[in-house]
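Step one of this worksheet: look at the structure below.
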Amino acid sequence: MKQKAPSRFKGLMKFDQEAGRFPASRAGMIVFMIFLFIALFAGILAPYGPNERFAPFESPSHSHFLGTNDMGHDILTELIYGSRVSLLVGILTACLATGLGLVIGLVSGYFRGITDEVLMAVTDIFLMIPRIPLVIICAVFLRSSYWLIILVLGLLWWTTTVRIVRSKVLQIREMGFIVSAETLGFSKFHILFSEILPNTVFVIIPKFMLTVASAMIAEASLSFLGLGDPSSKSWGMMIRYAFERGGFIRDMWWWYIPPGLCITVCVLSIVLMSFSLENSVDRFTDIFRGLIPSFTRMRRD
Amino acid sequence: MSCLHIKNLSVQFKTGRDTVFAVDRVSLDHTGGETLALMGETGCGKSVIANSIVRLLPENTSIKGEIFFKGRDLLKASERELNQIRGQEIAIVLQNPGLALNPIKKLGKQIAEPLVIHKKMPWKQAVSQAEQMMNQLRFTGLKEKIKAYPFQFSGGMNQRVIIASSMVLDPRVIIADEPTKGLDMEARKEVMRELADIKKRKGSSLLLITHDFDLSREIADRIAIMYAGEIMEIAQNKKYFKEPLHPYARALMQSLPENGFKPIPGPPVAMTDPPRGCKFHPRCPFRIKKCAGERPPEITINGRQVRCFLYA
């Protein structure tokens with residue numbers, strides 16, 4: 001036993017200890033927290049209001065840290081408010097996609113048989129749909145708004161989660177404690193949501209985070225193509241405007257580099273976090289293995 | 001008073017080509033309040049009997065016969081009825097304590113869970129009742145133990161937690177499937193004392209499935225010896241250990257280390273293709289012609305049942 005058992009588990013739950021051992025993932029967590037903080041307190045942190053206007057095309061200065069854009073909006077303010085939209089789209093899409101994937105995966109893994117066959121066939125069909133082109137078509141033909149993007153992305157991004165959850169459920173449902181729950185006369189519903197679901201959390205959370213990251217990137221690419229919501233500016237939208245309204249031609253790097261950097265750094269921080277969580281999933285399966293009694297020699301005070 | 005009455009129970013598993021004859025026409029009476037030890041070598045169908053009582057068998061199983069509990073045939077009960085019976089009326093303690101507990105739930109909660117689900121008790125009250133239960137089981141340092149996770153406990157401790165969680169609902173029948181398997185001497189003693197204790201306090205009957213002779217000698221009222229899916233002998237504890245009647249039961253006793261470690265001659269039977277007649281006859285030193293062709297009847301002598309022509 002390399003480490004005392006309780007602290008190992010605590011580290012797993014709070015993911016603190018794990019993060020400490022991998023500085024990169026701790027850095028990821030801190031960076032993501034900063035982004036979240038910025039998004040939540042945009043109103044306080046932004047130097048100006050989102051609709052305040054100044055002289056257009058100004059270079060960075062003391063009063064406008066990142067200059068102003070074609071409309072005379074302060075770019076730093078825009079960047080700070082843009083984090084709201086980008087994160088919101090990412091997180092809500094991931095919630096929808098993971099939620100769907102979770103429920104379908106749980107049901108199909110636990111009940112198996114015909115339910116499983118049907119649900120997996122549906123999943124296969126969804127896996128075949130080329131996602132970005134479909135989203136583009138939807139965005140072109142429907143009135144584009146962020147809610148639409150969230151809905152469409154969410155309804156397309158759940159397929160891989162289903163596969164992962166299902167395989168985990170198939171593994172867990174054969175384990176001893178599920179049988180003993182059955183012998184105690186617990187209902188199927190209870191077993192599914194109270195015994196199996198908590199055990200899948202460790203694969204769901206990393207998957208959730210990766211979905212946030214990929215949804216953010218998808219949103220940025222859609223916005224850059226001009227299919228985003230014109231009424232609220234995300235980071236992708238900012239790059240789009242910089243491209244469309246002379247930012248690139250005038251070499252105003254302070255206009256298009258910061259949003260690009262923000263997207264990259266934010267996605268990177270999320271990915272780093274999910275890596276460390278995946279690591280603790282491995283650790284978790286180690287604990288599972290350690291439960292086999294002949295190897296179990298833990299604290300017995 | 002018969003509490004659990006098994007009549008002509010046959011269980012078969014269909015695998016690819018073969019059929020496994022796991023249990024063959026077993027009849028068994030389990031009286032209320034008694035401890036019956038079901039013993040036999042690995043793979044003789046002991047656990048299958050236990051699992052068919054609570055109907056937890058894989059889909060490729062065919063069960064015949066009747067299992068009466070409280071005047072109801074369990075083999076004909078619906079899933080809903082079974083969920084009412086499982087845990088509340090018949091509790092089963094499964095093999096392998098480490099894997100029978102949910103690894104990410106606190107132990108106190110796992111003991112309290114049946115109360116919340118079956119008795120619709122609020123969590124707080126259930127946990128305090130679980131605490132009482134653990135207190136009775138003499139768990140020391142209760143506060144921390146309630147909040148501990150299964151992997152922080154030893155196998156023996158986990159086994160006791162499992163026993164506790166199947167006991168909270170005061171079931172009429174407890175089925176313990178190899179409760180001492182994989183435990184060291186000390187943990188075994190604890191579990192043994194636990195089972196005897198609980199039985200005495202709650203007045204429930206215990207069906208003990210084991211190949212631990214010490215355990216059954218210690219706590220069983222009656223012993224049933226199984227071989228290849230059939231019960232060969234049922235006898236009172238003292239009578240059995242004084243003088244086993246069936247040739248297999250005798251051979252089994254003699255194969256124990258303290259009785260000379262004599263192996264039983266011949267290979268164990270293949271459960272896919274059991275011998276005709278008496279299942280033990282290919283290995284039996286006392287066999288007669290009849291043994292190979294005819295199934296011996298169950299013979300009652302001095303209140304014990306033996307399935308052998310020697311006593312006919």
Side-chain angles (χ1 to χ4, degrees), chain A residues 1 3-10 12-13 111-113 168 171-204 280-281 283-301, chain B residues 50-51 54-56 59 79-105 109-110 113-114 116-118 140-141 144-145 147-159 162 165-166 168-169 171 175 177 181-184 187:
Chain A
M1 221 47 52
Q3 214 185 338
K4 263 199 242 151
S7 61
R8 190 164 80 168
F9 201 73
K10 219 172 170 184
L12 177 85
M13 297 302 282
F111 290 104
R112 297 205 295 196
K168 191 74 196 164
Q171 184 190 344
I172 293 168
R173 80 190 291 281
E174 302 301 329
M175 296 182 79
F177 62 90
I178 300 301
V179 184
S180 66
E182 279 167 6
T183 61
L184 285 170
F186 295 173
S187 67
K188 284 202 153 81
F189 186 80
H190 176 86
I191 290 174
L192 190 55
F193 287 99
S194 178
E195 306 283 339
I196 296 179
L197 177 64
N199 278 298
T200 57
V201 164
F202 298 86
V203 293
I204 292 167
S280 42
V281 170
R283 217 151 278 275
F284 187 67
T285 42
D286 281 349
I287 292 172
F288 259 112
R289 256 175 245 130
L291 280 172
I292 298 164
S294 51
F295 303 121
T296 315
R297 269 287 103 191
M298 301 242 184
R299 287 148 55 97
R300 223 191 146 185
D301 36 10
Chain B
N51 286 338
V54 285
R55 287 250 309 267
L56 283 174
E59 275 153 27
E79 189 69 18
R80 184 173 282 251
E81 282 177 302
L82 280 171
N83 273 348
Q84 286 301 309
I85 291 168
R86 287 176 191 155
Q88 294 201 76
E89 309 261 1
I90 302 176
I92 177 162
V93 179
L94 294 161
Q95 296 186 26
N96 210 340
L99 296 175
L101 290 167
N102 194 333
I104 60 167
K105 274 193 188 170
K109 258 196 159 173
Q110 298 204 40
E113 213 171 8
V116 176
I117 288 170
H118 285 300
T140 45
E144 301 146 41
K145 298 263 154 83
K147 293 203 175 96
Y149 291 92
F151 77 94
Q152 289 170 283
F153 269 22
S154 67
M157 290 288 235
N158 276 334
Q159 184 64 289
I162 292 165
S165 77
S166 20
V168 277
L169 292 171
I175 302 169
D177 193 353
K181 192 181 188 180
L183 302 180
D184 58 44

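Note on naming: letters A, B, ... go to the chains in the order of the sequence lines (proteins, then strands), and numbering restarts at 1 for each one. Being a predicted model, the structure only gives us computed values, none of them experimental. Worth knowing before you read on, the calculation uses all heavy atoms, side chains too, and leaves out hydrogens, waters and symmetry mates.
Residue contact with chain A, scored on non-hydrogen atoms closer than 4.5 Å, involves the backbone and the side chain of B:I92 alike. Heavy-atom distances place no part of B:Q84 under 4.5 Å from chain A, backbone and side chain included.
Between A:E182 and A:K188 no salt bridge is recorded (no basic side-chain N to carboxylate O distance below 4.0 Å). The existence of a salt bridge linking A:R112 and A:E174 is confirmed by a sub-4.0 Å separation between a basic side-chain nitrogen and an acidic carboxylate oxygen.
For A:F193, the ring-ring contact (aromatic ring centres under 6.0 Å, His included) test picks out A:F189, with sequence neighbours left out. For the ring-ring contact (aromatic ring centres under 6.0 Å, His included) test, residues two or more places apart in sequence or in another chain that qualify with A:H190 are A:F186.
Of the residues considered (B:P171, B:A148, B:S166, B:G87), B:G87 shows the highest number of contacts with chain A, using heavy-atom pairs under 4.5 Å.
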